[in-house]
Novice: 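Have a look at the structure that comes next, please.
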2 protein chains.
Amino acid sequence: MKLQQLQYFVAVYEQGSFSAAAEKVNATQSGLSMHVSQMEKRHNVVLFHRSSSGVSPTEEGRAFYLEAVKVLAAACRAEDRLKGLSKSVVGHVHVGLMPTFTRAVLTEALLRFDREYPEVRLSISEGYASTLAGEVVEGRLDFAVVPASFAINEALVSKSMGQDRECLVCAADRDIPMTKNGVHLKELAPLRLVLPGTGNARRTLIENYMALNEVEVSSILELDTMHGTLNLVASSDWVTILPGIMCLPDLDGSRRKVAMLVDPPLTVDYMRIETRKRPLSAVAQIFADILQEELNSALEVFPYA
Amino acid sequence: MKLQQLQYFVAVYEQGSFSAAAEKVNATQSGLSMHVSQMEKRHNVVLFHRSSSGVSPTEEGRAFYLEAVKVLAAACRAEDRLKGLSKSVVGHVHVGLMPTFTRAVLTEALLRFDREYPEVRLSISEGYASTLAGEVVEGRLDFAVVPASFAINEALVSKSMGQDRECLVCAADRDIPMTKNGVHLKELAPLRLVLPGTGNARRTLIENYMALNEVEVSSILELDTMHGTLNLVASSDWVTILPGIMCLPDLDGSRRKVAMLVDPPLTVDYMRIETRKRPLSAVAQIFADILQEELNSALEVFPYA
DNA sequence: TTTTGGTATCCGTTTTTCTGATACGATTTA
DNA sequence: TAAATCGTATCAGAAAAACGGATACCAAAA
């Protein structure tokens with residue numbers, strides 16, 4: 001059994017095609033075909049169903065894939081150890097964040113990280129969960145933080161980062177009936193609601209909540225710009241629903257009013273996604289830890305009442 | 001990075017010699033030398049200090065070894081999955097047990113295992129910890145159960161199986177001053193004590209206990225046969241000290257009297273040792289689990305008073 | 001000083017791997 | 001229905017890598 005064979009197999013598995021995988025790993029289609037079929041013959045198993053439109057893994061192929069990526073991850077760790085990467089904290093970290101994070105948690109994390117590891121290059125991309133997930137799979141991002149509702153790719157592994165509460169955000173001068181530090185949304189109906197576009201994972205979450213709790217929505221405005229949303233809400237009777245950590249700057253009530261949704265609460269889980277086959281580099285791990293710490297302290301402000 | 005290079009490296013590491021490793025993995029000394037030096041050059045590290053009497057790992061070599069065995073273990077699991085070994089429960093299991101286990105726990109475990117997996121061949125070897133550890137390193141045993149006091153080889157990993165109480169064993173008709181279900185050994189001094197030979201790990205344990213608690217021993221008899229010891233103790237004024245699970249058949253008091261050592265108690269931890277670089281086969285794991293269960297129920301008889 | 005046990009290096013041989021071309025099947029397109 | 005397209009399997013020669021014996025070298029022990 002060779003390590004490269006595992007890489008080839010994993011590539012074919014993830015691409016669903018010998019040809020595409022060959023291009024990805026800089027090899028030829030015939031080479032991959034031979035390697036995979038050699039593995040199959042040697043162990044008398046069939047790993048892929050071949051068809052004229054690509055390949056799909058068999059049950060055995062699926063099971064083997066899960067083991068194969070563990071081997072590759074271990075091999076990466078071993079090689080990193082050799083390179084001394086596990087000690088020296090230098091390099092380039094690419095991180096993808098859902099928009100939620102870029103307002104509240106990111107700034108603090110960035111400042112801390114830059115102070116402690118000034119020679120590390122850091123690249124942050126903002127995007128929707130599905131986009132970011134794709135980038136992680138492709139290896140262009142070290143990891144990404146997305147809402148947990150997102151169904152993740154098999155090539156990815158997710159680690160929970162914590163649960164947040166969704167909050168109603170409206171103009172500061174608006175009177176809303178608060179109950180025990182929260183708001184019962186139905187009492188505000190009919191709502192004029194600003195929502196993210198349908199590509200956003202939170203959109204579905206919120207619409208389900210509305211439907212399930214029979215909250216009447218008189219009009220919906222689709223805004224995919226966070227600045228625009230916040231400005232509009234601050235100076236009109238439009239309201240929106242945002243994760244708690246996005247509302248932190250507004251908790252003083254000077255520009256906007258914030259109230260947790262209650263009866264029932266609406267929660268959102270954040271998770272960090274990364275590839276199975278390559279463990280986080282030492283630097284990426286450090287930044288992930290800092291991000292987690294900042295998130296933790298941000299979440300403390302919103303107790304699970 | 002190739003899997004075989006890792007195997008070569010690990011072999012050299014464990015043998016402390018290129019020549020010995022070459023023989024072990026059925027390769028030539030020159031081949032191993034080239035592979036290792038290639039790894040070293042490629043990553044600009046030195047893995048071994050070469051000398052005319054063999055090699056010793058550098059700090060980097062040590063660190064890399066710990067990662068390398070993880071890769072090999074993962075690769076074994078992956079290959080086992082391909083072979084379908086992880087499902088089918090057939091094969092041959094070799095287990096090493098310290099003498100303690102062969103009296104009480106083994107029988108029950110054997111019966112259960114043979115009933116549930118009749119087509120599996122099982123080989124049990126009895127031996128001292130150091131012997132068994134060597135056999136495990138060499139790959140002749142799937143795993144071994146030994147007392148935890150034994151300092152284990154770096155190629156091995158140990159898992160705790162539970163703590164046992166040492167007991168005094170003497171003739172059934174002897175009168176001994178019992179206190180709260182135990183015996184204070186000093187009150188019986190001077191003792192005529194049957195002990196295992198100096199090669200036995202428990203020998204040191206017991207002698208330390210005697211010295212530390214100032215128990216006077218009038219004479220020592222070295223017996224390395226369990227049958228001999230038990231028979232002698234049953235029909236003379238010689239006494240011995242045995243782990244609790246060995247005393248289970250004597251708890252009825254018909255042939256021998258058993259009393260836990262108290263003030264202070266003397267305990268012994270059992271552990272399972274296996275190689276780092278190869279995970280237990282499915283069958284071996286099952287037998288290990290059964291052994292653990294039997295040990296647990298045996299240990300319940302001796303509460304940690 | 002010689003012997004012994006160990007490692008590094010060299011080079012011809014053998015084995016494996018890689019690649020490009022080709023064949024074949026299925027699905028889509030004209 | 002025929003052709004074109006996309007995908008995989010297979011083959012044979014070329015390229016690369018691994019292998020293994022011989023040799024050189026070193027250091028400690030005899």
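Naming: A, B, ... by sequence-line order, numbering from 1 per chain. Since the structure is predicted, the reported quantities are computational estimates derived from the model, not experimental observations.
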Novice: OP1 or OP2 of dA17(D) versus the side-chain N and O atoms of Lys2(B): is any pair under 4.0 Å?
Specialist: no
Novice: Would one find a side-chain N or O of Ser19(A) under 4.0 angstrom from OP1 or OP2 of dT8(D)?
Specialist: yes
Novice: At less than 3.5 Å, do the side-chain atoms of Ser51(A) and the base atoms of dG7(D) form a donor-acceptor pair?
Specialist: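 Between dG7(D) and Ser51(A), which were checked side chain against base, a qualifying N/O pair under 3.5 Å is absent.
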Novice: Check whether any side-chain N or O of Arg50(B) sits under 4.0 Å from OP1 or OP2 of dG6(C), and answer yes or no.
Specialist: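 For dG6(C), neither OP1 nor OP2 has a side-chain N or O of Arg50(B) closer than 4.0 Å.
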Novice: Hey, which sits more toward the 5' end of DNA chain C by its nearest nucleotide, Thr28(A) or Glu40(B)?
Specialist: Glu40(B)
Novice: Would you call Glu40(B) and Arg42(B) a salt bridge, using N to O less than 4.0 angstrom?
Specialist: no
Novice: Any side-chain N or O of Ser53(A) less than 4.0 Å from the OP1 or OP2 oxygen of dG7(D)?
Specialist: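 So the side chain of Ser53(A) is outside the cut-off, no N or O lying under 4.0 Å from OP1 or OP2 of dG7(D).
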Novice: Quick check for you: among dG20(D), dT7(C), dT8(D), whose closest atom lies nearest to any side-chain atom of Phe18(A)?
Specialist: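 Per side-chain heavy atoms of Phe18(A), the pick is dT8(D).
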Novice: What nucleotide among dA8(C), dT8(D), dT17(C) has an atom nearest to a side-chain atom of Gln38(A)?
Specialist: dT17(C)
Novice: Return no unless some side-chain N or O of Ser17(A) is found under 4.0 Å from OP1 or OP2 of dT8(D).
Specialist: yes
Novice: Do you know which two heavy atoms are closest between Ala68(B) and Val10(B), and how far apart they sit?
Specialist: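 Heavy-atom minimum between the residues: CB-CG2, 3.9 Å.
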Novice: Heavy atoms under 4.0 Å, any strand shown: does Gly31(B) hit a base, just sugar-phosphate, or nothing?
Specialist: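 Answer is nothing: Gly31(B) stays at 4.0 Å or more from every strand.
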Novice: Quick one: is Tyr8(B) getting a side-chain N or O under 4.0 Å of the dC19(D) phosphate, OP1 or OP2?
Specialist: yes
Novice: Taking only the side-chain heavy atoms of His35(A) (C-beta and beyond), determine which of dG7(D), dT17(C), dC11(D) contains the nearest atom.
Specialist: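 That would be dT17(C).
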Novice: For the pair made of CD in Gln5(B) and C1' in dC19(D), what is the distance, rounded to whole Å?
Specialist: 14 Å
Novice: When you check the phosphate oxygens OP1 and OP2 of dC19(D), does a side-chain N or O of Gln4(B) lie under 4.0 Å from one of them?
Specialist: yes
Novice: For dG7(D), does either OP1 or OP2 sit under 4.0 Å from a side-chain N or O belonging to Ser52(A)?
Specialist: no
